[in-house]
Amino acid sequence: MRVISIINLKGGVAKTTTTVNMACLLAEKGYKVLIVDNDKQGNASKAFGMYDPESGDNMAKVMLETVPLIDIVKRTKYENLDIAPANMDLLEANLRVIADVSRAQQTRIKRALEKESEISQVSAAEEYDFIIFDNAPDINMSIINALVVSDDVIVPLEIDQYSFDGLEILLEQIAAVKEDFNPKINFMGCLITKYREREDVQAQGAEVLENKCKTFKTRIRRTEQKPQESTFARIPLVEYSTRCGASKDYRSFVDEYLNAVGEKTEEK
Ligand SMILES: Nc1ncnc2c1ncn2[C@@H]1O[C@H](COP(=O)(O)OP(=O)(O)O)[C@@H](O)[C@H]1O
Ligand SMILES: [Mg+2]
């Protein structure tokens with residue numbers, strides 16, 4: 001099992017888009033993949049039409065109780081691709097975890113990941129090849145919990161005047177988690193999203209970023225309409241529009257990622 005955290009303190013930088021499409025492409029290659037929706041907005045859950053504001057089986061339960069993560073997992077309609085959903089319950093859950101000092105606060109997801117289901121006798125850690133966390137634009141207890149179990153951290157960002165905002169704080173947070181809880185955590189790099197290749201200032205900005213910070217070679221091009229349409233259709237972009245620029249780029253990005261972690265890029 002390999003655990004990936006998709007994270008940035010900013011919203012709208014394509015964290016959820018990256019999570020959903022990366023998960024979809026890994027599942028297509030034959031890996032068993034779990035998306036953990038770690039954002040109270042539940043956008044990753046919505047991307048599969050699996051957002052349920054009423055259901056108690058969600059990530060809030062994992063944070064507050066001692067349930068195995070695998071017990072709240074739902075199947076998507078895609079083969080090999082499951083999701084641990086979230087809804088607004090996660091807002092209160094984060095506040096309650098901070099107030100509750102009777103159990104460790106940072107390792108709740110870790111325990112839930114390793115805990116076997118009484119029904120299936122298997123844990124999420126045993127069941128999946130890849131687990132991808134879609135995080136909120138924040139640093140809260142849910143996100144610290146995700147970093148505690150992560151092997152790889154990927155930071156999607158848009159090239160603009162504010163792209164570097166928060167990056168330093170984020171890297172410090174990763175270093176702190178590495179020191180205290182998780183020596184194996186690895187900052188894989190920034191992923192440039194919504195890239196406008198025809199604009200010189202974008203190319204210059206990308207170069208500045210690459211000199212400053214580890215960055216994936218693949219840049220995800222800005223693609224008009226299709227990403228938004230795909231969210232309304234509740235179909236991941238790489239399925240909805242296989243030939244658009246962003247879809248092609250997500251394919252290259254996943255291959256680049258797999259090469260970097262030493263997995264085969266062919267079908268499993
Ligand atoms: N490559 C892209 N080109 C154009 N729009 C995109 C692209 N990637 C994502 N978007 C759009 O940007 C918006 C924010 O994306 P989202 O993944 O929800 O960001 P985050 O999870 O970081 O808040 C969405 O409307 C999404 O459809
Ligand atoms: Mg999001």
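Read the numbers this way: they start at 1 and go in the same order the structure lists the ligands and their atoms. In this text, all values refer to a predicted model and were calculated from it rather than measured experimentally.
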Protein contact to [atom] [nearest heavy atom, distance to 0.1 Å]:
{"atom": "atom 10 (N) of ligand 1", "answer": "Lys194 CE, 3.6 Å"}
{"atom": "atom 23 (O) of ligand 1", "answer": "Gly12 N, 2.7 Å"}
{"atom": "atom 25 (O) of ligand 1", "answer": "Gln228 NE2, 3.4 Å"}
{"atom": "atom 26 (C) of ligand 1", "answer": "Thr17 OG1, 4.0 Å"}
{"atom": "atom 5 (N) of ligand 1", "answer": "Pro227 CG, 3.7 Å"}
{"atom": "atom 19 (O) of ligand 1", "answer": "Ala14 N, 3.0 Å"}
{"atom": "atom 3 (N) of ligand 1", "answer": "Thr223 N, 2.9 Å"}
{"atom": "atom 1 (N) of ligand 1", "answer": "Arg221 O, 2.9 Å"}

Ring geometry between Phe253 and Tyr257 (parallel below 30°, tilted from 30 to 60°, perpendicular above 60°):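 Because their plane-to-plane angle lies in the 30° to 60° range, the rings of Tyr257 and Phe253 count as tilted.
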Heavy-atom pair of closest approach, residues Val122 and Ile70: O-CG2, 3.5 Å
Closest non-hydrogen atom pair between Val20 and Ala47, with its separation: CG2-CB, 3.9 Å
Short N or O distance, Lys15 and ligand 1, threshold 3.5 Å exclusive: yes
Contact (N/O only, under 3.5 Å) between Thr16 and ligand 1: yes
Just jot down the ligand 1 atoms closer than 4.0 angstrom to any heavy atom of [X], in number order.
{"X": "Ala246", "answer": "1 (N)"}
{"X": "Gly11", "answer": "23 (O)"}
{"X": "Val13", "answer": "19 (O), 20 (P), 22 (O)"}
{"X": "Arg222", "answer": "1 (N), 3 (N), 4 (C)"}

Which one of [options] satisfies the side-chain contact (heavy atoms from CB on, under 4.5 Å) criterion with [X]?
{"X": "Tyr128", "options": "Val73, Asn80, Leu113, Leu69", "value": "Val73"}
{"X": "Thr66", "options": "Arg108, Lys115, Arg111", "value": "Lys115"}
{"X": "Ile109", "options": "Met141, Glu114, Met59", "value": "Met59"}

Aromatic Tyr195 / basic Arg219 pairing, under 6.0 angstrom, 45° off normal: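 Yes; both conditions hold, so Arg219 lies above the ring face of Tyr195.
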Geometric cation-pi criterion, Lys212 with Phe164: 6.0 Å, 45°: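 Yes, a cation-pi geometry.
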Backbone or side-chain N/O/S of Asn43 under 2.8 Å of the Mg ion (ligand 2):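 So Asn43 does not count as coordinating the Mg ion (ligand 2).
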Asp160/Lys10 under salt bridge (charged side-chain N to carboxylate O under 4.0 Å, His left out): CA gap, chis, key distance, verdict: CA-CA 12 Å; Asp160 64 25; Lys10 290 175 71 178; 3.8 Å; yes
Heavy-atom side-chain proximity of Leu25 to Tyr250 below 4.5 angstrom: yes
Close approach, Lys226 and ligand 1, non-hydrogen under 4.0 angstrom: no
